[in-house]
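Right, one structure below, let's go through it.
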Number of protein chains: 2
Amino acid sequence: MVNSEAETPRARYRAQVRTEIKQRAWEQIASAGASALSLNAIAKQMGMSGPALYRYFGGRDELITELVRDAYRSLADTFRAAAEGGADVTALAHALRGWALRDPQRYFLIYGTPVPGYQAPDDTTAISSEIMATLLDACAALPLDGPATPFDAHLEDHRNWADGHPAPPAALHRALTFWTRLHGVLSLELAGHFTGMGIDPAQLFAAELDDLTGTPAS
Amino acid sequence: MVNSEAETPRARYRAQVRTEIKQRAWEQIASAGASALSLNAIAKQMGMSGPALYRYFGGRDELITELVRDAYRSLADTFRAAAEGGADVTALAHALRGWALRDPQRYFLIYGTPVPGYQAPDDTTAISSEIMATLLDACAALPLDGPATPFDAHLEDHRNWADGHPAPPAALHRALTFWTRLHGVLSLELAGHFTGMGIDPAQLFAAELDDLTGTPAS
DNA sequence: TAACTTCAGTGATAGCCTCTAACTATGGTG
DNA sequence: CACCATAGTTAGAGGCTATCACTGAAGTTA
């Protein structure tokens, strides 16, 4: 049992199978939603019998939890990459929309209908606040106009979620509305609520974004 | 077979059982989400064996479709009642939030994660546009400030979803942002994304509403 | 090299679920 | 009273999650 450093072939094989399982799971989720995810079907696709998967994941819930984790990680990485490329809030918003459109069900896995009993693992909240941090950075770089609102005062007293970020309350408020408004448009778009209406979701998204950044309506 | 007018006792019994089934279904959905709805469990609760329910509903999907219809109907009625009581957009917004908080899973049944294959029945779009119509009425009554945006121009050309409502494009825009922004805050609140943050969702909702109605930040 | 240990994968099984099919029983109708 | 539509039953096919005991192969150690 030398372990440490040079990973054994066993471990490598194990990791490979795990990632293949997750990949198949993502395909199933993308095509039929998370509720239709079937361990049995995945096993059959991989040419092995159902119970074999329990060597790799404790069960269906544990697999889904892992996928949720990966989804959060993916979004956080997308945001960080954009921010390191010098993205402002507008670019961040488009990065978000692109990420969501690339796999709607992945977006819904994070921000969609919650299962009443289910509790997301602790580390996802850490990733979530990492996402919030890059958003806060971008919002703090924005010129802040307008008078302070009552909600800004509320945020002054409840800024623990910002995890020590030095942004002023108005910036926190800006970040929150960014999140909620873009999620509002995006989730309705992904759910197909605009398709029957003839509206172009991209333009509505852009309009909300313009309003958010204070872009003069040209 | 006299039928017509005086409903037969058979039909009355049938209707009663149907509503009891739906009621139990709502209880299940409220406590464990729509994905956990089980015809078998409902039948067992009602003291009869599983397949008996197929006399009343074609299957699980048909039952859920009926519940979706009822949810739309309930929201439309709530809106209409508020509007007939002279509610402005602010009151309408609070009616929406109250309705959503009363049964979050019912809200998600309409506005939550969509099942990729599933298509809502035609009549729900009719109810949906009824909801939109009362929202448009309220928005048209609002004073419209601000210059016309590019998105307003887009709406000028794509106003078929307004179903002939005479409101100007700016009012249509207002109604849309009402919908998307309130949904943004509300869905994140119902999904519990604010609980770990210490933020009061009601105040965030109110802040968004103030911004929407142009209420001066006092 | 031989003995031992670890672990991937198997089939059997229990207990859910949806949904179909054939059958029984009952209550309204002519 | 005879008839028939219909509510409800059991049996069963086929799907799912999950546990268990077992096999066999691959690594490890003496």
Side-chain angles (χ1 to χ4, degrees), chain A residues 1-25 27-29 31-68 115-118, chain B residues 1-25 27-29 31-68 115-118:
Chain A
M1 180 80 88
V2 188
N3 197 324
S4 71
E5 200 231 335
E7 52 181 54
T8 73
R10 269 249 173 97
R12 254 190 329 169
Y13 176 77
R14 190 177 172 76
Q16 179 186 322
V17 174
R18 265 182 75 98
T19 62
E20 181 174 351
I21 293 174
K22 290 208 281 186
Q23 184 184 318
R24 308 264 186 178
E27 291 167 7
Q28 278 198 12
I29 285 181
S31 72
S35 63
L37 191 151
S38 156
L39 293 190
N40 242 336
I42 292 175
K44 208 165 289 178
Q45 279 183 348
M46 293 178 65
M48 49 190 194
S49 240
L53 294 202
Y54 286 80
R55 293 269 169 207
Y56 299 92
F57 293 95
R60 212 186 93 109
D61 283 9
E62 195 175 305
L63 173 57
I64 290 185
T65 294
E66 192 91 350
L67 298 178
V68 169
V115 175
Y118 182 77
Chain B
M1 181 79 88
V2 189
N3 199 327
S4 72
E5 202 234 335
E7 53 182 54
T8 72
R10 270 251 168 95
R12 247 178 349 154
Y13 174 78
R14 189 177 173 77
Q16 180 186 323
V17 173
R18 266 182 76 98
T19 60
E20 181 173 352
I21 292 173
K22 292 208 280 187
Q23 185 184 319
R24 307 265 186 178
E27 291 166 7
Q28 278 198 12
I29 285 180
S31 71
S35 63
L37 190 150
S38 157
L39 293 190
N40 241 337
I42 292 175
K44 207 165 291 179
Q45 278 183 350
M46 292 177 65
M48 48 191 193
S49 239
L53 292 202
Y54 287 79
R55 294 269 170 209
Y56 299 92
F57 294 95
R60 212 186 92 109
D61 283 8
E62 194 176 305
L63 173 56
I64 290 185
T65 293
E66 192 90 351
L67 298 178
V68 168
V115 176
Y118 182 77

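A, B, ... follow the sequence lines: proteins, then strands. Residue 1 opens every chain.
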Exercise. For the pair made of CG in B:Leu63 and P in C:dT18, what is the distance, rounded to whole Å?
Worked result: 10 Å

Exercise. Between atom CG in B:Asp61 and atom C1' in C:dT18, what is the gap in whole Å?
Worked result: 10 Å

Exercise. Considering only heavy atoms, which members of residues 42-55 of chain B lie under 4.0 Å from some atom of DNA chain C?
Worked result: B:Pro51, B:Tyr54

Exercise. Is any side-chain nitrogen or oxygen of B:Tyr13 closer than 4.0 Å to OP1 or OP2 of C:dG28?
Worked result: no

Problem set entry | Sub-4.5 Å side-chain heavy-atom contact between A:Met46 and A:Val17 | yes

Problem set entry | Spacing between B:Arg18 atom CZ and D:dG8 atom C1', to the nearest angstrom | 17 Å

Problem set entry | Atom pair CD/CD of B:Gln45 and B:Glu20 - distance to nearest 0.5 Å | 9.0 Å

Exercise. Taking CG from B:Leu39 and C1' from C:dC17, how many angstroms apart are they, rounded to a whole number?
Worked result: 9 Å

Exercise. How many Å lie between CD on B:Gln16 and P on D:dA7, as a whole number?
Worked result: 13 Å

Problem set entry | Rounded distance (Å) that lies between atom P of D:dG27 and atom CD of A:Glu7 | 14 Å

Exercise. If we ignore angles and hydrogens, is there a donor and acceptor under 3.5 Å between the side chains of B:Tyr13 and B:Thr8?
Worked result: no

Seminar exercise, completed: Smallest heavy-atom separation, B:Ala36 atom then B:Ala32 atom, equals CB-O, 3.5 Å

Problem set entry | Reported OG1-to-OH distance for the pair A:Thr65 and A:Tyr118, which is rounded to 0.5 angstrom | 3.0 Å

Exercise. At under 4.0 Å between heavy atoms, what does B:Phe57 touch on the DNA or RNA strands: base, sugar-phosphate, or nothing?
Worked result: nothing

Exercise. Within the structure, does a side-chain N or O atom of B:Asn40 lie under 4.0 Å from either OP1 or OP2 of C:dT18?
Worked result: yes

Problem set entry | D:dC16 OP1/OP2 closer than 4.0 Å to side-chain N/O of A:Arg60 | no

Seminar exercise, completed: Value for CD (A:Glu27) from CD1 (A:Ile29), rounded to nearest 0.5 Å, stands at 11.0 Å

Exercise. Which is true for B:Arg10 with a 4.0 Å heavy-atom rule: it touches a base, it touches only sugar-phosphate, or it touches nothing?
Worked result: base

Problem set entry | Straight-line distance of B:Leu63 CG to B:Lys22 NZ, nearest 0.5 Å | 8.5 Å

Exercise. Starting at OH of B:Tyr56 and ending at P of C:dT18, how long is that distance when rounded to a whole Å?
Worked result: 18 Å

Exercise. Quick one: B:Arg14 CZ to D:dG8 C1', roughly how many Å, whole number?
Worked result: 13 Å

